Asks: 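The structure that follows is given in the form of structure tokens.
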Amino acid sequence: MSAEGWLKIIGLGPGSEELITPEASSALGEATDAVGYVPYVERLAPRPGLTRHGSDNREEIRRAEQALTMAAEGRRVVVVSSGDPGVFAMGAAVFEALEAGRPEWRALDIQVLPGVSAMLAASARLGAPLGHDFCCLNLSDNLKPWALIEKRLRLAAEADFAMAFYNPRSRSRPEGFARALAVLREACGEARPIMFARAISTPQESVRITSLGEATPEMADMRTLVMVGSSLTRRFPAGREGEGEWVYTPRSAPSSEATR
Ligand code: SAH
């Protein structure tokens, strides 16, 4: 194993170049190889000395092993994810491969570099919807049963968290999000604010604020981060003509919340 190789698990942020951290940019500048899901690897400008290895969705473990193998050969490897690498992304896949893999991999120089996760970029656009206790869930049932998603949704609603949902709806599983909305309507009521933040920080960005009663499944796709307020979340008009809206969750909760 060569001493010079390293592996950096980095996040590219939600889309805009400006939201890539300087630390992640330096790692990209020094890397010999970049490994990741095709659309993320394609976000990296080609340059001499950098080989981009794009792979398919659902190949995370094989991709992680490929990255570890190259780092062990002395290459400087970045594993790229969107947003933050620890949030529903390659970070956990690399550690799973590392724990189960070749013992000598454990001696590698491995670092995780944080990135701006979609929920943070989305909440910044809306105001401060995650200003008090919140939780985030991955609504994809690729790697877990739907019954578990539904259980966690109900318990999160009961605990009165504000919620952020990643991977809300895809073509391969269009019904899941409709069921999630039904569960939330029942648990939180029709008036509860729901926010759809799509393609944040890219030219296709859009934001929609509505209520659970008005929300429809088509408002979300795989480029959307969905947020649902807690019972304390507030929305009010913004802008000269009241054409916009701010959403925030106050920093404090009354003692009556504990016994609700
Ligand atoms: N590691 C990433 C999440 C990967 S899961 C992160 O920390 O952000 C992919 C999901 O992230 C998408 O289905 C969507 O829900 C959300 N997402 C990623 N980029 C986004 C963006 N620019 N705007 C809104 N949601 C985004």
Side-chain angles (χ1 to χ4, degrees), residues 11-17 19-20 36-43 54-60 80-85 87-90 93 115-127 129-130 134-146 148-150 152-153 156-157 162-185 187-188 190 192-229 233 235 244-245 247:
L12 298 177
S16 155
E17 291 283 315
L19 295 180
I20 301 180
Y37 177 40
V38 173
Y40 303 151
V41 167
E42 281 174 356
R43 276 175 61 187
S55 44
D56 257 352
N57 220 350
R58 304 195 187 194
E59 293 205 1
E60 287 83 5
V80 299
S81 295
S82 72
D84 178 272
V87 178
F88 310 132
M90 280 304 293
V116 177
S117 191
M119 70 177 168
L120 303 180
S123 91
R125 284 292 186 276
L126 287 153
L130 307 179
F134 67 92
C135 68
C136 69
L137 300 179
N138 185 344
L139 292 190
S140 165
D141 60 0
N142 284 345
L143 298 171
K144 63 186 169 189
W146 176 260
L148 182 60
I149 297 177
E150 207 164 308
R152 288 187 175 158
L153 276 175
M163 297 174 241
F165 303 128
Y166 288 77
N167 297 311
R169 184 165 172 267
S170 78
R171 253 167 281 148
S172 60
R173 41 180 185 85
E175 319 81 31
F177 187 60
R179 281 159 72 187
L181 280 179
V183 169
L184 288 163
R185 252 182 230 122
C188 307
E190 306 259 310
R192 184 68 59 86
I194 180 169
M195 289 72 77
F196 296 87
R198 184 171 190 279
I200 295 300
S201 86
T202 78
Q204 295 83 40
E205 171 171 320
S206 68
V207 173
R208 186 200 297 244
I209 305 169
T210 181
S211 64
L212 281 175
E214 301 282 320
T216 60
E218 299 71 38
M219 290 177 184
D221 65 8
M222 282 305 274
R223 298 193 73 190
T224 311
L225 189 287
V226 180
M227 278 185 270
V228 171
T233 299
R235 47 192 281 209
E245 210 172 347
V247 179

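The structure displayed is predicted, hence computed values, not measured ones.
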Asks: Measure across Pro85 and Gly115 and return the closest heavy-atom pair with its distance rounded to 0.1 Å.
Replies: CD-N, 3.9 Å
Asks: Taking only residues two or more places apart in sequence or in another chain, which ones pass salt bridge (charged side-chain N to carboxylate O under 4.0 Å, His left out) with Arg125?
Replies: Glu205
Asks: Between Met195 and Gly229, which heavy-atom pair has the shortest distance, and what is it?
Replies: CE-N, 4.3 Å
Asks: Determine yes or no for a side-chain-to-main-chain donor-acceptor pair under 3.5 angstrom, with Ser117 supplying the side chain and Asp84 the backbone.
Replies: no
Asks: Does Arg223 have any salt bridge (charged side-chain N to carboxylate O under 4.0 Å, His left out) partners at least two apart in sequence or in another chain, and if so, which?
Replies: none
Asks: Indicate yes or no: at least one non-hydrogen side-chain atom of Met219 is less than 4.5 angstrom from one of Thr210.
Replies: yes
Asks: Could you grab the distance from atom CG of Leu137 to atom CG of Leu148, nearest 0.5 Å is fine?
Replies: 9.0 Å
Asks: If every non-hydrogen atom of Gly15 is compared with every non-hydrogen atom of Ser201, which pair is closest and at what distance?
Replies: N-OG, 3.4 Å
Asks: Any idea which heavy atoms bring Leu130 and Ala162 closest together, and the distance?
Replies: CD2-CB, 4.2 Å
Asks: Might you point out which heavy atoms bring Ala164 and Met119 nearest each other, and give the distance in Å?
Replies: CB-CB, 4.0 Å
Asks: Quick check: closest heavy atoms across Met163 and Ala157, and the distance to 0.1 Å?
Replies: CE-CA, 3.8 Å
Asks: Using a cut-off of 6.0 Å, state whether more than 12 heavy atoms not belonging to Glu59 lie near its atom CD.
Replies: yes
Asks: Within this structure, what is the CD-CG distance for the pair Glu150 and Leu184, rounded to the nearest 0.5 Å?
Replies: 10.0 Å
Asks: Any non-hydrogen side-chain atom of Ser206 less than 4.5 Å from a side-chain atom of Arg198?
Replies: yes
Asks: Is there a donor-acceptor pair closer than 3.5 Å between any side-chain N or O of Arg43 and the backbone N or O of Ser82?
Replies: no
Asks: Kindly determine whether Lys144 and Asn138 satisfy side-chain contact (heavy atoms from CB on, under 4.5 Å), including the steps that lead there.
Replies: CA-CA 10 Å; Lys144 63 186 169 189; Asn138 185 344; 3.8 Å; yes
Asks: Just do the side-chain contact (heavy atoms from CB on, under 4.5 Å) check on Phe134 and Met227 with the steps written out, would you?
Replies: CA-CA 10 Å; Phe134 67 92; Met227 278 185 270; over 6 Å; no
Asks: Would you say that Asn167 contacts Met222 through its side chain, given a criterion of any heavy-atom pair below 4.5 Å between the two side chains?
Replies: yes
Asks: Kindly compute the distance separating CZ (Phe196) from CG (Asp221), expressed to the nearest 0.5 Å.
Replies: 10.5 Å
Asks: In Å, rounded to the nearest 0.5 Å, how long is the span from CG of Leu181 to CZ of Phe165?
Replies: 8.5 Å
Asks: CG of Leu120 to CD1 of Ile200: how many Å apart, nearest 0.5 Å?
Replies: 12.0 Å
Asks: Would you give the length of the straight line joining atom CD1 of Ile209 to atom CD of Glu245, rounded to the nearest 0.5 angstrom?
Replies: 4.5 Å
Asks: Check whether Arg169 reaches the backbone of Ala220 with its side chain - one donor and one acceptor, N or O, closer than 3.5 Å.
Replies: yes
Asks: Would you say the side-chain atoms of Thr202 pair up with the backbone N or O of Gln204, donor to acceptor, closer than 3.5 Å?
Replies: yes
Asks: Please determine whether the number of non-hydrogen atoms from other residues, nucleotides or ligands lying under 6.0 Å from atom CZ of Arg152 exceeds 12.
Replies: no
Asks: Can you check whether Ser140's main-chain N or O pairs, donor with acceptor, with Tyr166's side chain at less than 3.5 Å?
Replies: no
Asks: Is any side-chain heavy atom of Ile149 closer than 4.5 Å to one of Arg179?
Replies: no
